[in-house]
Amino acid sequence: MTNDIYGPFPGRPDFLVGLTEQQRARYEQLGTNLEVVERRIAAACEAAGRPREDVTLIVVTKTYPAEDTALLAGLGVTDVAENRDQDAAPKAEICVQLPLTWHFVGQLQTNKVRSVVRYAGAVHSVDRPRLVESLSAAVLRAERAPLDCLVQVALDKESGEGEHRAGVAPADVPALADLIADTPGLRMVGVMTVAPLAGPLADRPDRAFARLAEIASAVRASHPAATMVSAGMSGDLEQAVAAGATHVRVGTAVLGVRSPLG
C-alpha cells in the first residue's frame, strides 16, 4: 500500500485521485457488482410492494481484505459483516475511521466476546443464555453504547434436524428474546436466520423466510422495538425481501467467489 484509503468516506474529494491503478480497477468492479445487487433489491421491493428504503444491504466482507472494505465505504456502503473475530477485529481497527456499522454474523464463542464488543454495532447470532450474559458483561465493562442483538433462529430444529447447528429452535425464541431485553447493556432488536440445509424447509427459502416472518411478528408482539429481520444472501435475497426481511446479508454477489479459508 502506497496510499491511505482508510479515511472517513464519503466526503473526501481526493479519494479516487489517490487510488492506485489496481485499486481503481477493484473499485470499479465492486461498484458494478453493487449496482447489480441494488437493482435486485429494488426489483424485489417493488414486487413485494415495499419501499426500497425498508431494506438495508449488509455486505459480508469475510475472507476479503480491509482494502476492499475501504473501497466499499468509498462506494457508499454503510454496513458490513464478518463471521470470525480473528479476521474482523484487525480489519475493523484498520478501518476505524470509516463511517461503517459492523455486524457480527457468525457463531460466537464466549472467549471472543470482549473483542467483538469493541467494534460490533450488532450481533446477529445470539443463540444461548450464556452468550447473553457474556455480551452484557463485556458491554458494561467497555462502557460502550448498548449492543444490538438478534436471536439466531435455526428453522431446521423445528423438525428435529440440525441439532448441532448454531441457532435456537423456534419454540425457544421467545424466552431468549425476553432474556436479551431484560439484560443490561443489550438491545433486543430482531431475529436472524440462514435458509436451512435439512428438514422440510431445505431448498425452500421462500417457505423458510415466511416462517421466520411469523416468528418475527410474534417477537414484536412482546418487544415492539425488535423490528430487524435479518435474512437472505446472494442466492436468495429476493425471497427474503418478499417475506419481509429488513436486512439482507450479501457477500459473493458483491465481492466475488470466496477463496478457501486458511
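Quick note: numbers below take in every heavy atom, side chains included, and nothing from hydrogens, waters or symmetry partners.
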With the side chain counted from C-beta on, respond yes when [X] and [Y] share a heavy-atom pair under 4.5 Å apart, and no when they do not.
X: Leu57; Y: Ile41; value: yes
X: Glu82; Y: Thr61; value: yes
X: Leu237; Y: Val55; value: no
X: Val132; Y: Leu186; value: yes
X: Leu108; Y: Leu131; value: yes
X: Arg128; Y: Thr110; value: yes
X: Ile215; Y: Leu155; value: yes
X: Asp54; Y: Thr246; value: no

Quiz item: Under the side chain to side chain contact (heavy atoms under 4.5 Å, CB included) test, which residues partner Ala210, sequence neighbours left out?
Solution: none

Quiz prompt | With sequence neighbours excluded, residues passing side chain to side chain contact (heavy atoms under 4.5 Å, CB included) with Arg114 | solution = Ala138, Arg141

Roughly how far, to the nearest 0.5 Å, is [atom2] of [Y] from [atom1] of [X]?
X: Thr69; Y: Tyr6; atom1: OG1; atom2: OH; value: 8.0 Å
X: Thr78; Y: Leu75; atom1: OG1; atom2: CG; value: 12.0 Å
X: Thr32; Y: Leu30; atom1: OG1; atom2: CG; value: 9.0 Å
X: Leu255; Y: Lys62; atom1: CG; atom2: NZ; value: 11.5 Å
X: Arg249; Y: Asn83; atom1: CZ; atom2: CG; value: 10.5 Å

Members sharing [X]'s hydrophobic cluster (side chains within less than 4.5 Å):
X: Val96; value: none
X: Met228; value: Leu150, Val189, Met192, Val194, Met233
X: Val105; value: none

Quiz item: With no hydrogens and no angle check, do the side chains of Thr193 and Gln152 hold a donor and an acceptor under 3.5 Å apart?
Solution: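 Short answer, no.
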
What pairs of residues pass the salt bridge (Lys or Arg N to Asp or Glu O under 4.0 Å) test when at least one of them lies in [range], not counting sequence neighbours?
range: residues 209-235; answer: Glu158-Arg211, Arg211-Glu214
range: residues 184-194; answer: Asp148-Arg187
range: residues 100-109; answer: none

Return all side-chain donor-acceptor pairs below 3.5 angstrom for residues 115-125, not counting sequence neighbours, or 'none' if the list is empty.
| unit_1 | atom_1 | unit_2 | atom_2 | d |
| --- | --- | --- | --- | --- |
| Ser115 | OG | Asp85 | OD1 | 2.9 |
| Ser115 | OG | Asp85 | OD2 | 3.0 |
| Tyr119 | OH | Asp85 | OD1 | 2.7 |
| His124 | ND1 | Ser230 | OG | 2.9 |
| His124 | NE2 | His103 | ND1 | 2.8 |
| Ser125 | OG | Gly106 | O | 2.5 |

Practice problem: Would you list the pairs meeting side-chain hydrogen bond (donor to acceptor under 3.5 Å, both in side chains) in which at least one residue belongs to residues 35-47, sequence neighbours left out? | Solution: Glu38-Arg52, Arg40-Glu238

Exercise. Determine which pairs satisfy side-chain hydrogen bond (donor to acceptor under 3.5 Å, both in side chains) with at least one residue from residues 93-102, sequence neighbours left out, and list them in order.
Key: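 Matches after skipping sequence neighbours: none remain.
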
Quiz item: How about Glu21: does its CD atom have over 12 heavy atoms from other parts shown lying under 6.0 Å from it?
Solution: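 Atom CD in Glu21 is not packed in, count stays at 12 or less.
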
Quiz item: Under 4.0 Å between a Lys/Arg side-chain N and an Asp/Glu carboxylate O for Asp68 and Arg26?
Solution: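 Salt bridge: yes.
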
Donor-acceptor pairs under 3.5 Å, side chain of residues 174-184 to any protein atom, not counting sequence neighbours: which ones?
| unit_1 | atom_1 | unit_2 | atom_2 | d |
| --- | --- | --- | --- | --- |
| Asp178 | OD1 | His223 | NE2 | 2.7 |
| Thr183 | OG1 | Leu179 | O | 2.5 |

